[in-house]
Amino acid sequence: DEPYGYKFKEWSVISNVTPNAVNKKSQARKPNYYSKTFELVPERNNYILRPIFTKVDTMHGFLTPSVRINEIAANKEMVQNDYFEKSDWVELYNLTDEPFNIGGLYISNDEKNPRLYRIPNNYPSKTIIKPHGYCILWADEDSNNRELHLPFKLPSAGGRLILSAYAENDSTLLWRDEIEYSSHNDDNSFGRYPDGSNKLYTLHCPTPSRINLYTSYNTFHCDDTLT
């Protein structure tokens with residue numbers, strides 16, 4: 001049986017192993033890998049048949065996101081973008097131990113149209129996020145398709161953002177991340193604490209491109225765990 005929370009990926013066969021190496025479980029350091037080994041016992045040779053599993057979001061059946069929507073600010077009075085204009089912003093956080101290129105991902109504020117905007121993949125110097133690093137997208141309703149600028153704004157009354165990744169054929173959904181935010185003051189933001197977690201707060205100290213901070217003024221909203 002598949003372990004709860006994991007999806008079968010492929011078989012791995014190891015030959016000429018030491019006898020009695022049966023029923024060993026191993027959990028790798030990275031959270032998206034799981035393996036469990038079983039020994040097949042032919043008459044003369046020993047083999048291990050190892051199924052490789054990938055962690056999934058057990059509510060929707062998607063693979064675990066590599067990047068999460070980590071913090072948002074639905075006001076344009078706080079931070080200037082790369083064109084020295086104040087605008088709404090969305091912070092993405094790389095959950096993995098490797099650089100991740102967000103070029104080609106889709107982001108949307110419309111649940112009925114999750115592919116509203118495809119992040120350009122021809123600006124790797126700006127779209128590659130270092131391990132456990134951050135990237136800011138500017139929600140300024142930019143119609144010129146400038147890199148890291150989105151063609152929509154964030155409603156100040158609250159809303160939902162969806163980030164999704166598709167396979168190379170652009171038809172198979174690989175993973176999806178969502179955040180539903182509530183109204184917040186101009187000097188606050190809304191996001192996850194700790195970074196990349198499921199706990200959502202109104203954050204008293206906005207931290208674009210930096211680690212989210214916890215203060216006694218933060219307001220807890222919910223835990224959006226999808227398991």
Side-chain angles (χ1 to χ4, degrees), residues 4-5 31-32 55-81 86-96 100 102 105-117 119 129 132-141 148 150-165 173 175-227:
Y4 180 77
N32 64 344
K55 193 172 183 180
V56 300
D57 166 347
T58 54
M59 175 175 284
H60 296 94
F62 307 137
L63 304 185
T64 301
S66 299
V67 174
R68 297 207 81 176
I69 302 168
N70 198 52
E71 185 180 6
I72 68 99
N75 54 70
K76 56 182 179 181
E77 301 301 325
M78 188 191 316
V79 180
Q80 286 186 335
N81 61 30
K86 293 182 178 180
S87 68
D88 303 343
W89 51 271
V90 179
E91 178 190 79
L92 303 183
Y93 175 68
N94 181 1
L95 291 168
T96 75
F100 188 92
I102 61 171
L105 300 185
Y106 288 90
I107 188 166
S108 175
N109 64 347
D110 183 353
E111 191 170 7
K112 296 181 180 179
N113 183 17
R115 299 200 209 190
L116 177 63
Y117 180 71
I119 300 173
I129 309 178
H132 304 286
Y134 310 89
C135 180
I136 297 296
L137 304 178
W138 303 102
D140 53 7
E141 209 170 24
L148 304 185
L150 307 178
F152 55 82
K153 295 182 178 180
L154 305 181
S156 59
R160 180 187 297 269
L161 283 173
I162 302 165
L163 182 71
S164 52
L173 179 64
W175 55 259
R176 169 171 164 158
D177 185 49
E178 300 180 19
I179 190 170
E180 186 171 353
Y181 67 92
S182 61
S183 175
H184 47 278
N185 296 332
D186 288 350
D187 56 351
N188 294 158
S189 63
F190 190 93
R192 305 181 185 279
Y193 180 83
D195 287 336
S197 72
N198 297 310
K199 297 183 185 300
L200 297 173
Y201 293 82
T202 296
L203 301 172
H204 180 68
C205 295
T207 55
S209 294
R210 292 179 289 127
I211 186 172
N212 287 350
L213 301 176
Y214 181 83
T215 75
S216 59
Y217 294 99
N218 287 357
T219 303
F220 177 73
H221 285 272
C222 67
D223 184 322
D224 68 350
T225 302
L226 298 179
T227 56

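Throughout, residue positions are numbered sequentially from 1 according to the sequence presented. Since the structure is predicted, the reported quantities are computational estimates derived from the model, not experimental observations.
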Which label fits Y93 and H132: parallel for a plane angle under 30°, tilted from 30 to 60°, or perpendicular past 60°? tilted
For D187, check side-chain contact (heavy atoms from CB on, under 4.5 Å) against everything at least two apart and list the hits. N185
Is it the case that the side chain of N218 and the backbone of L203 share a donor-acceptor pair, with hydrogens and angles ignored and the cut-off at 3.5 Å? no
Supply the atom-to-atom distance E180 CD to C222 SG, rounded to the nearest 0.5 angstrom. 7.5 Å
Whether the S189 and H184 side chains hold a donor-acceptor pair (N or O, under 3.5 Å, no angle test) is what I'd like checked. no
When you look at I162 and E111, which way does the side-chain contact (heavy atoms from CB on, under 4.5 Å) test go after all the steps? CA-CA 7 Å; I162 302 165; E111 191 170 7; 4.1 Å; yes
Taking every non-hydrogen atom, the tightest pair across H204 and P206: O-CD, 3.4 Å
Search all heavy atoms of D177 against all heavy atoms of W175 and return the closest pair with its distance. N-CE3, 4.3 Å
Could you tell me if the side chain of D88 sits less than 4.5 Å from the side chain of L150, heavy atoms only? no
Would you say that L148 contacts W89 through its side chain, given a criterion of any heavy-atom pair below 4.5 Å between the two side chains? no
Residues T207 and E71: side-chain donor-acceptor under 3.5 angstrom: yes
So do L200 and I179 actually touch side chain to side chain, heavy atoms under 4.5 Å? yes
Give the intermediate values and the outcome of side-chain contact (heavy atoms from CB on, under 4.5 Å) for residues F100 and L105. CA-CA 11 Å; F100 188 92; L105 300 185; 4.0 Å; yes
Smallest heavy-atom separation, L92 atom then L163 atom, equals CD2-CD2, 4.1 Å
With rounding to the nearest 0.5 Å, note down the distance linking CD in E141 to NZ in K153. 5.0 Å
Atom pair CD1/CD1 of I107 and I102 - distance to nearest 0.5 Å: 8.0 Å
Give me the one residue out of R192, E178, E91 that meets side-chain contact (heavy atoms from CB on, under 4.5 Å) with R68. R192
Is the shortest heavy-atom distance from the side chain of F190 to the side chain of L154 under 4.5 Å? no
What's the separation between atom OG in S197 and atom CG in D223, rounded to the nearest 0.5 Å? 7.5 Å
What about the rings of Y193 and F220, do their centers lie closer together than 6.0 Å? no
When rounded to the nearest 0.5 angstrom, what distance separates CG in D140 from CZ in F152? 10.0 Å
Between A165 and L173, which heavy-atom pair has the shortest distance, and what is it? O-CD1, 3.4 Å
What one should report as the nearest heavy-atom pair of L161 and I72 is CD1-CG2, 3.7 Å
When you compare the side chain of P194 with that of N212, does any pair of heavy atoms fall below 4.5 Å? no
If you compare all heavy atoms of S108 against all heavy atoms of L116, which two are closest, and at what distance to 0.1 Å? OG-CB, 3.4 Å
List for me each residue that meets salt bridge (Lys or Arg N to Asp or Glu O under 4.0 Å) alongside R115, sequence neighbours excluded, and say none if there are none. D170
Check whether the side chains of Y134 and N94 place a donor and an acceptor atom closer than 3.5 Å, and report yes or no. no
Separation between CG (N188) and OG1 (T219), nearest 0.5 Å, reads 7.5 Å
Flag the pair H221 / Y181 as yes when their ring centroid distance falls below 6.0 Å, and as no otherwise. no
